[in-house]
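Here's the structure, in structure tokens; my notes come after.
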Amino acid sequence: MANAAWSDKVLQLLHRMNNFYLPGSCRASCLRFEVNGSKVGWILPHVASLLTGYGDVFKSTQGGAVSLCESLDSYTKRSEAVDDVLSVLRQDHSLHCLKGWRDERYSVMDKFSDSPVMWMERAATSLFGIKRYGVHINGYTVHENGEVSMWLARRSPTKQTYPGLLDNIAAGGLAAGMSIKHTLVKECQEEACIPQALAEKARPVSTVSYTYEDGQGVFAESQFVFDLELPPSFNPRVGDGEVQDFYLLPIDEVKELLATEDFKPNCAMVVLDFLIRHSFIEPDKEPFYQDFVSGLHQAL
């Protein structure tokens, strides 16, 4: 692929993954989701009308917001009341995201450093525009000649989201109450059979943040990115079945794949961040260098 065509494709990816900020997005019509006086998300109007039908849990407030009722004055009360409503709304076939119910709890807070105000089922977070966090690991190998190759995973064809697409060697969402380090080690072991002692050598290097909407909800996500240099003798193995295969590819081939439809979009962004940080993409040679950097690090 010619350089200009590659750059255009990657720029389109970043625009798509940040389309919440673009003209014509649903942002102008969204209502704020507030808990205990703090904005913690964005709700589309058709979702807001469903939620406010449960008046003992949700209410509309002045200024275009949906909030929880004052009687829900604790972490546990809020979490359980909202979960009860969502369990009923699972029967509403117009809410497609709830078909992927996972029984996984995500923390709800304005900033990552804040104490969570409640937990919420993972599949429902996009209905509320809740900030979601995850951990992604770039697994790579440096050969004797100095050349770099990267391990990529091929997602299982039975995955609920993005089946069969390319992924990082290991990645996972940050569940409520779980630390970043615990999640990193857990995902490395479960998905790629990377031993704990090796996984713990991964270095925290960056975050990749973006917000997109798809007509059903708002996805405000930030991934904690780690680099893990693996010895040339190491080969990841399929673990929990979320991956069907692993490939060790030269970094130039990995770069070309970013501009195809074969990559899970946010994983492509994590790899793009790796390429920039390791100088495989340089500002003198890439006209969209600054656009790439800003597109990878949007404020949620």
Side-chain angles (χ1 to χ4, degrees), residues 13-35 38-54 57-61 64-68 78-79 81-112 116-134 159-163 165 171-176 208-223 264-267 269 295 298-300:
L13 164 69
L14 295 174
H15 285 166
R16 184 167 79 249
M17 294 300 287
N18 288 291
N19 65 5
F20 188 64
Y21 304 105
L22 298 179
S25 80
C26 70
R27 186 177 185 182
S29 62
C30 280
L31 290 83
R32 300 186 310 281
F33 178 45
E34 298 179 348
V35 178
S38 296
K39 183 186 76 65
V40 294
W42 296 99
I43 302 179
L44 291 169
H46 75 277
V47 176
S49 65
L50 290 174
L51 296 176
T52 52
Y54 298 85
V57 179
F58 298 97
K59 67 175 184 177
S60 297
T61 62
V66 173
S67 68
L68 297 183
R78 296 171 192 136
S79 304
V82 171
D83 200 55
D84 287 343
V85 172
L86 292 173
S87 295
V88 175
L89 290 178
R90 288 180 69 181
Q91 312 308 315
D92 188 325
H93 298 298
S94 69
L95 301 176
H96 301 298
C97 63
L98 296 185
K99 295 178 182 178
W101 195 278
R102 302 183 184 217
D103 289 318
E104 292 182 35
R105 298 178 176 184
Y106 271 25
S107 295
V108 177
M109 57 271 194
D110 179 28
K111 299 177 183 176
F112 185 76
V117 294
M118 59 180 288
W119 59 258
M120 182 179 292
E121 156 63 32
R122 176 178 179 173
T125 52
S126 61
L127 293 177
F128 294 81
I130 299 301
K131 297 172 183 176
R132 312 196 307 184
Y133 298 88
K159 285 282 288 182
Q160 290 183 353
T161 57
Y162 303 102
L165 294 189
L174 197 58
V208 169
S209 304
Y210 48 89
T211 306
Y212 66 94
E213 54 98 353
D214 65 359
Q216 286 287 318
V218 177
F219 298 78
E221 301 184 342
S222 185
Q223 312 300 341
K264 182 172 180 275
N266 66 338
C267 298
M269 295 173 73
Q298 292 281 357
L300 296 184

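Note that these values count all heavy atoms, side chains included, but never hydrogens, waters or copies made by symmetry.
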Quick one: do E213 and N19 satisfy side chain to side chain contact (heavy atoms under 4.5 Å, CB included)? Show the steps, please. CA-CA 7 Å; E213 54 98 353; N19 65 5; 3.7 Å; yes

Under 3.5 Å, is there a donor-acceptor pair between the side chain of [X] and the main chain of [Y]?
{"X": "D214", "Y": "G217", "answer": "yes"}
{"X": "S25", "Y": "F20", "answer": "yes"}
{"X": "E221", "Y": "K131", "answer": "no"}
{"X": "E34", "Y": "K39", "answer": "no"}
{"X": "T52", "Y": "A48", "answer": "yes"}

Requested in this report: Only one of V40, I130, V82, D83 passes side-chain contact (heavy atoms from CB on, under 4.5 Å) with M118; say which it is.
Outcome: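 Testing M118 for a side-chain contact (heavy atoms from CB on, under 4.5 Å) against V40, I130, V82, D83 leaves exactly one candidate, V82.
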
Separation between [atom1] of [X] and [atom2] of [Y], rounded to the nearest 0.5 Å:
{"X": "Q160", "Y": "C97", "atom1": "CD", "atom2": "SG", "value": "11.5 Å"}
{"X": "D92", "Y": "H96", "atom1": "CG", "atom2": "NE2", "value": "9.5 Å"}
{"X": "S49", "Y": "L51", "atom1": "OG", "atom2": "CG", "value": "8.0 Å"}
{"X": "S87", "Y": "L98", "atom1": "OG", "atom2": "CG", "value": "9.5 Å"}
{"X": "F33", "Y": "L68", "atom1": "CZ", "atom2": "CG", "value": "4.5 Å"}
{"X": "R105", "Y": "T125", "atom1": "CZ", "atom2": "OG1", "value": "14.5 Å"}

Full working for side chain to side chain contact (heavy atoms under 4.5 Å, CB included) between R27 and Y21 = CA-CA 7 Å; R27 186 177 185 182; Y21 304 105; 3.6 Å; yes

Please tell me if the side chains of [X] and [Y] come closer than 4.5 Å, counting only heavy atoms from C-beta onward.
{"X": "F128", "Y": "V108", "value": "no"}
{"X": "S126", "Y": "V218", "value": "no"}
{"X": "Y162", "Y": "C267", "value": "no"}
{"X": "V88", "Y": "Y54", "value": "yes"}
{"X": "S107", "Y": "F112", "value": "no"}

Worked verdict on C30 versus I43 for side chain to side chain contact (heavy atoms under 4.5 Å, CB included): CA-CA 5 Å; C30 280; I43 302 179; over 6 Å; no

Check whether more than 12 heavy atoms from other residues, nucleotides or ligands sit under 6.0 Å from atom NZ of K99, and answer yes or no. yes

Where is the tightest heavy-atom contact between [X] and [Y], given as atom of each residue plus distance?
{"X": "L127", "Y": "Q216", "value": "CD2-O, 3.7 Å"}
{"X": "A124", "Y": "L86", "value": "CB-CD1, 3.5 Å"}
{"X": "T61", "Y": "S67", "value": "CG2-OG, 3.3 Å"}
{"X": "L300", "Y": "A220", "value": "CD2-C, 4.1 Å"}
{"X": "M17", "Y": "P265", "value": "SD-CB, 3.5 Å"}
{"X": "F219", "Y": "R132", "value": "CD2-NH2, 3.6 Å"}

Quiz prompt | side chain to side chain contact (heavy atoms under 4.5 Å, CB included) between Y133 and Q223, worked out | solution = CA-CA 6 Å; Y133 298 88; Q223 312 300 341; over 6 Å; no

